[in-house]
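Sequence positions, counted from 1, serve as the residue numbers for this chain.
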Amino acid sequence: MVNTTTTAGLIGVVLLARHGDRTAYYQDPTTYNSTQAYITPLGEQQEFELGGFLRDTYLNPDSSSYIQNISTDVVDIDQLAVRADAGGGNVILNSAYALLQGLYPSTSQSEMTLANGTMVLPPLGGFQYIPVQSLEYWQSPSLTSWMECEYFQSHLTRLYTSSSFTNMSAVAQPFLTALKPYLGSVSNNFTNMWNIYDHVNVQYTYNKTYYETLPPTFLEQARHYANWVQQSVFTDSASSSIGQIAIRTLLPEIIWALGNMTQPSNKVKMNIQEVDYKPFISLFNVTNATLYDPDISGIADYASAIAIELSQNSQGQHEVSLKFKNGTQDSEFRQLKMFGNTSITLDSFVAELFGTGITINSTNNWCFSCNQTTQRGCSVFNFSNDPFLNGVSGY
């Protein structure tokens with residue numbers, strides 16, 4: 001059901017934020033396990049600016065997207081829930097901290113008075129320390145659900161042997177041959193397209209000689225083919241299929257957070273998930289957003305953000321809408337369509353994404369969905385007597 005009349009201001013928002021610029025890292029194209037990477041000063045600034053943008057959007061009482069009754073200058077930590085992937089180096093976790101510095105910058109208003117009358121201002125001009133839940137790889141598959149997922153690896157094998165992949169590889173081959181002198185030791189095989197693009201992008205950003213000698217359009221072409229491969233890797237023919245795994249384990253958190261915001265006892269008004277680019281691709285696919293805005297497919301830029309905004313219409317129904325800001329390319333959020341509509345009721349949102357077998361809401365469920373029996377805590381679950389273990393779950 002679509003509704004267009006809403007009351008003033010928002011009830012809350014769930015945000016997916018991509019990390020900022022980082023050092024080079026390698027993703028194994030057969031598993032998508034990766035090496036460590038670290039945030040750069042550029043990445044810190046990108047996230048800080050994203051935080052400032054979110055501040056202007058949601059904490060400014062004059063904004064049409066102002067969140068009702070949220071603390072605007074001095075943070076109320078009960079109103080924020082922030083979670084970040086802590087694995088693979090510090091890039092995602094530190095991106096969350098940089099974003100929060102922009103969202104709630106230092107302020108003299110955080111000064112407090114002790115019992116003896118002494119005035120105390122936090123360090124750095126009133127720096128505001130906001131808790132972030134750091135989620136390690138071994139704690140939960142929620143933010144890195146493709147890793148050690150056997151059915152996902154089978155999905156990659158099927159993709160790499162498909163006719164569409166073979167055909168696109170043939171189209172890309174002349175470019176990859178011309179690019180080889182600029183790749184160093186990086187393989188120019190089309191299955192390695194993510195690492196090819198990452199190498200070119202990092203070198204083009206930080207290596208002056210590389211920047212001056214890389215032929216025009218080579219960076220754009222590398223991004224084009226990397227977008228195609230990543231879109232193929234992190235989507236699938238059905239919303240409940242394993243190619244969508246990057247968002248399927250995040251959806252329970254999103255749905256729970258939105259539902260909680262409708263409760264009178266709830267205090268959290270902003271839920272922030274600091275993540276990699278992969279959930280962006282899968283979320284846009286399972287909500288059909290790319291059907292109406294195909295240019296959003298592929299890899300979201302550094303410091304991009306998805307906003308799932310919660311409001312209430314004049315009939316008292318809760319509604320959600322989907323917005324996207326693609327890094328520094330966009331100066332404002334862009335309204336997207338979910339399932340063909342710019343806004344849908346929260347009940348419809350839940351029915352589309354939770355009631356259709358898309359969500360993976362526990363480690364146990366993830367182990368079964370991935371055919372994993374030993375890694376990431378799966379050894380405590382016994383699937384040996386389950387007749388469906390090797391059946392449809394992972395596909």
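- Donor-acceptor pairing under 3.5 Å is lacking for the side chains of S369 and R248.
- In this structure, the side chains of T363 and P141 come closer than 4.5 Å at one or more pairs of heavy atoms.
- For the pair D236 (side chain) and G243 (backbone), a donor-acceptor distance under 3.5 Å is present.
- F175 and Y210 fall within a single hydrophobic cluster, where Ile, Leu, Val, Met, Phe, Trp and Tyr are joined by side-chain heavy atoms under 4.5 Å apart, directly or via other members.
- I130 and I67 end up in the same hydrophobic cluster when Ile, Leu, Val, Met, Phe, Trp and Tyr side chains are linked at under 4.5 Å.
- Judged purely by atom type and a 3.5 angstrom limit, Q128 uses its side chain to pair as donor or acceptor with the backbone of D73.
- Annotation: side chain of I92 is not in contact with side chain of L143 (no heavy-atom distance under 4.5 Å).
- Remark: H155 NE2 to C370 SG distance equals 11.5 Å, nearest 0.5 Å.
- Under 3.5 Å, the side chains of D347 and T345 contain no donor-acceptor pair of N or O atoms.
- With respect to the salt-bridge test (charged N to carboxylate O, under 4.0 angstrom), the residues K269 and D78 do not qualify.
- Remark: of the listed residues S239, P279, S145, P279 is the sole one forming a side-chain contact (heavy atoms from CB on, under 4.5 Å) with I247.
- Between the side chains of N364 and S362, no donor-acceptor pair is found at a separation under 3.5 Å.
- Counting heavy atoms from C-beta on, the side chains of L310 and L10 never come closer than 4.5 Å.
- Note that OH of Y277 and CH2 of W194 are 4.5 Å apart. Values are rounded to the nearest 0.5 Å.
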Where do Q46 and D301 land on the side chain to side chain contact (heavy atoms under 4.5 Å, CB included) test, with the steps shown first? CA-CA 11 Å; Q46 290 169 336; D301 286 349; over 6 Å; no

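- Cluster membership check: V286 shares its hydrophobic cluster with L16, using side-chain heavy-atom separations under 4.5 Å among Ile, Leu, Val, Met, Phe, Trp and Tyr.
- Of the possible donor and acceptor atoms, none in the side chain of N285 sits under 3.5 Å from a partner among the backbone N and O of I281.
- If you take CD on E220 and OH on Y197, they are separated by 9.5 Å, rounding to the nearest 0.5 Å.
- Residues Y129 and P123 share a closest heavy-atom pair of OH-CG, 3.9 Å.
- With a 4.5 Å cut-off on side-chain heavy atoms, L183 and V200 count as touching.
- The shortest distance between side-chain heavy atoms of S232 and F165 does not fall below 4.5 Å.
- One N or O on the side chain of N313 and one on the backbone of Q317 form a donor-acceptor pair closer than 3.5 Å.
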Show the numbers, then the answer: is there a side chain to side chain contact (heavy atoms under 4.5 Å, CB included) between D85 and L135? CA-CA 5 Å; D85 174 16; L135 194 64; 5.7 Å; no

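- The shortest distance between side-chain heavy atoms of Y32 and L156 falls below 4.5 Å.
- The two residues I11 and Q312 have their closest heavy-atom pair at CD1-CB, 3.9 Å.
- With a 4.5 Å cut-off on side-chain heavy atoms, H199 and N192 do not count as touching.
- Ion pairing between D295 and R334 holds under the 4.0 Å rule for side-chain N and carboxylate O.
- Linking Ile, Leu, Val, Met, Phe, Trp and Tyr residues whenever their side-chain heavy atoms come within less than 4.5 Å places L159 and I245 in a single cluster.
- Using a distance-only test at 3.5 Å, with no hydrogens or angles considered, no donor-acceptor pair links the side chain of D276 to the main chain of K278.
- Remark: the backbone N or O of Y58 is not paired with any side-chain donor or acceptor of S63 at under 3.5 angstrom.
- Residues E253 and N271 have side chains that bring a donor and an acceptor to within less than 3.5 angstrom of each other.
- A 4.5 Å side-chain heavy-atom check between T235 and F284 finds every atom pair outside the cut-off.
- Between D198 and R22 a salt bridge is recorded (basic side-chain N to carboxylate O distance below 4.0 Å).
- There is no side-chain donor-acceptor pair under 3.5 Å between Q244 and S240.
- Both V275 and I358 are assigned to one and the same hydrophobic cluster, defined by single-linkage of ILVMFWY side chains at heavy-atom distances under 4.5 Å.
- The shortest non-hydrogen separation linking A305 to F333 is O-CE2, 3.7 Å.
- Residues T249 and S142 approach most closely at OG1-O, 2.8 Å, considering heavy atoms.
- For the residue pair Q372/T374, the side-chain donor-acceptor check at 3.5 Å is satisfied.
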May I have the step-by-step check of side chain to side chain contact (heavy atoms under 4.5 Å, CB included) for Y160 and S169, ending in yes or no? CA-CA 10 Å; Y160 296 156; S169 177; over 6 Å; no

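- Checked by atom type, the side-chain pair T217/Q221 shows a donor-acceptor distance below 3.5 Å.
- Within a 6.0 Å radius of OH in Y206, other residues, nucleotides and ligands contribute more than 12 heavy atoms.
- Scanning both residues, A303 and E47, for their nearest heavy atoms gives CA-OE2, 3.3 Å.
- Between the side chains of S110 and T107, no donor-acceptor pair of N or O atoms lies under 3.5 Å.
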Evaluate the criterion side chain to side chain contact (heavy atoms under 4.5 Å, CB included) for residue pair M147 and R376; output intermediate values, then yes/no. CA-CA 9 Å; M147 298 178 69; R376 307 194 74 172; 3.6 Å; yes

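- Taking CZ of R55 as the start and CG of L100 as the end, the distance is 12.5 Å to the nearest 0.5 Å.
- Between L176 and M193, the shortest heavy-atom contact is CD2-SD, 3.9 Å.
- The distance from the CZ atom of F354 to the OG1 atom of T359 is 4.5 Å, given to the nearest 0.5 Å.
- A donor-acceptor pair is defined here as one N or O able to donate and one able to accept, closer than 3.5 Å; no such pair exists between the side chain of S134 and the backbone of A86.
- Within a 6.0 Å sphere centred on CE of M112, other residues, nucleotides and ligands contribute 12 heavy atoms or fewer.
- The backbone N or O of T342 sits nowhere less than 3.5 Å from a side-chain atom of S321 that would complete a donor-acceptor pair.
- A donor-acceptor pair under 3.5 Å is formed between the side chain of Q139 and the backbone N or O of E136.
- When atom types are taken as modelled, the side chain of N207 and the backbone of T209 share a donor-acceptor pair closer than 3.5 angstrom.
- Taking CD1 of I299 as the start and NE2 of H224 as the end, the distance is 11.5 Å to the nearest 0.5 Å.
- Note: Y225 and F190 have perpendicular aromatic rings, judged against thresholds of 30 and 60 degrees for the angle between ring planes.
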